[in-house]
Trainee: 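Take a look at the following structure, please.
Below, read A as the first sequence line, B as the second, and so on, with proteins coming before strands; counting in each chain starts at 1.
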Amino acid sequence: MGFFEEVYEAVKNIPKGKVSTYGQIAKLIGRPRSAKVVGWALHSNPYFGVVPCHRVVNRKGELSGGFAFGGSEIQKKMLEQEGIAFDNMGTINLEKYLWKF
DNA sequence: TAGATGACTAATA
DNA sequence: CTATTAGCCATCT
C-alpha cells in the first residue's frame with residue numbers, strides 16, 4: 001500500500017490557500033499516469049480529517065463530484081474559507097491557486 | 001483468482 | 001473546444 005501512503009503525504013503538504021491536481025500529485029510520487037489511483041486514495045480517504053482532500057481538484061479546476069466530505073458544496077465552502085476564489089463557472093483559477101512544488 | 005470499476009490525465013484527431 | 005484511447009493500481013464482486 002505504498003502508493004496510497006505517498007499520496008496522503010503529498011496531499012498533506014498542500015499549503016492552506018492552494019490547491020493541487022490529481023496529475024500533479026501522481027507525478028510527484030513518481031507515477032505520472034496513476035492519477036486515477038490518486039482519486040481512489042482520496043475516495044477511500046482512510047485519513048479523514050488529516051488529509052485535506054478538499055484541496056485536490058481535477059485538471060480543469062473543477063470540484064470532485066462524489067466528494068467524501070458530504071458533497072462539492074461543502075468542499076467549495078472549505079476552499080473559500082481558505083481564501084480560494086471560484087470563477088463564474090464554479091471552477092478554481094489554477095493559474096493563481098495551483099500549488100507548485 | 002479474474003475481471004470490472006473508478007474523486008483522472010495526456011496524447012491524438 | 002469535444003471525442004476517443006490507453007495507461008495506472010487498489011478495491012469490489
Trainee: Of the residues in residues 85-93 of chain A, which ones touch DNA chain B at a heavy-atom distance under 4.0 Å?
Mentor: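 The stretch gives none, as no residue of it lies under 4.0 Å from the strand.
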Trainee: Could you tell me the separation between the OH atom of A:Y47 and the SG atom of A:C53, rounded to the nearest 0.5 Å?
Mentor: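 These two atoms lie 12.5 Å from each other.
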Trainee: Check the distance between B:dC8's P and A:F3's CZ and give it to me in whole angstrom.
Mentor: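 It works out to 14 Å between those atoms.
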Trainee: Expressed as a whole number of angstroms, how long is the span from A:F4:CZ to B:dG6:P?
Mentor: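 In whole Å, B:dG6 P lies 15 Å from A:F4 CZ.
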Trainee: Taking atom P of B:dA7 as reference, at what distance in whole Å does atom OH of A:Y8 sit?
Mentor: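 To the nearest whole Å, that distance equals 15 Å.
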Trainee: List the atom of A:A41, the atom of A:V7, and the distance in Å for their closest heavy-atom pair.
Mentor: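 Minimum heavy-atom separation between A:A41 and A:V7: CB-CG1, 3.8 Å.
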Trainee: Quickly work out the A:N45 CG to C:dT11 C1' distance and round it to whole Å.
Mentor: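 Between C1' of C:dT11 and CG of A:N45: 15 Å.
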Trainee: To the nearest angstrom, how far is A:K27 atom NZ from B:dC8 atom P?
Mentor: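 The distance from NZ of A:K27 to P of B:dC8 comes to 18 Å, rounded to the nearest Å.
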Trainee: Quick one, which residues of residues 12-25 of chain A touch DNA chain C with a heavy atom under 4.0 Å?
Mentor: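 Residues of residues 12-25 of chain A that come under 4.0 Å of DNA chain C do not exist, since none gets that close.
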Trainee: Report the residue from A:T91, A:V57, A:I92 that forms a side-chain contact (heavy atoms from CB on, under 4.5 Å) with A:E62.
Mentor: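 Answer after filtering A:T91, A:V57, A:I92: A:T91.
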Trainee: Which atoms of nucleotides 5-7 of chain C (N or O only) lie under 3.5 Å from a protein N or O atom, and what are those distances?
Mentor:
{"from": "C:dG7", "atom 1": "O6", "to": "A:K36", "atom 2": "NZ", "distance (Å)": "2.8"}

Trainee: What's the separation between atom CD in A:Q75 and atom CZ in A:R55, rounded to the nearest 0.5 Å?
Mentor: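 It is 11.5 Å, given to the nearest 0.5 Å.
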Trainee: How long is the line joining NE2 of A:H43 and P of B:dC8, in whole Å?
Mentor: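 A:H43 atom NE2 is separated from B:dC8 atom P by 10 Å.
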Trainee: Where do A:W99 and A:A10 come nearest, in terms of heavy atoms and distance?
Mentor: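 Scanning both residues completely, I find the closest heavy atoms to be CZ3-O, 3.8 Å.
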Trainee: Please report the interatomic distance CD(A:E6) to OG(A:S34), rounded to the nearest 0.5 Å.
Mentor: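 The CD atom of A:E6 sits 10.5 Å away from the OG atom of A:S34.
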Trainee: Calculate the interatomic distance between A:W40 atom CH2 and C:dC8 atom C1'; express it in whole Å.
Mentor: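 Answer to the nearest Å: 14 Å.
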Trainee: Between A:L42 and A:N45, what is the shortest heavy-atom contact and its length?
Mentor: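 Shortest heavy-atom contact: O-CB, 2.9 Å.
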Trainee: Is A:K76 paired with A:E73 through a side-chain N to carboxylate O contact shorter than 4.0 Å?
Mentor: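 Salt bridge flag = no for A:K76 with A:E73.
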Trainee: With A:V19, which of A:N93, A:L79, A:I14 fulfils side-chain contact (heavy atoms from CB on, under 4.5 Å)?
Mentor: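 It is A:L79, the one option of A:N93, A:L79, A:I14 that forms the side-chain contact (heavy atoms from CB on, under 4.5 Å) with A:V19.
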Trainee: For A:N58 and A:V37, take the nucleotide of DNA chain B holding the closest heavy atom to each; which residue's nucleotide lies nearer the 5' end?
Mentor: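 Per heavy-atom nearest nucleotide, the more 5' residue is A:V37.
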Trainee: Could you tell me the separation between the CD1 atom of A:I29 and the CD atom of A:Q24, rounded to the nearest 0.5 Å?
Mentor: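 A:I29 atom CD1 to A:Q24 atom CD measures 12.0 Å (nearest 0.5 Å).
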Trainee: Side chain to side chain contact (heavy atoms under 4.5 Å, CB included) between A:R31 and A:F3: does it pass, once the steps are laid out?
Mentor: CA-CA 9 Å; A:R31 303 270 184 312; A:F3 191 90; 3.0 Å; yes
Trainee: From CZ of A:R59 over to P of B:dC8, roughly how many Å is that when rounded to an integer?
Mentor: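 A:R59 atom CZ is separated from B:dC8 atom P by 14 Å.
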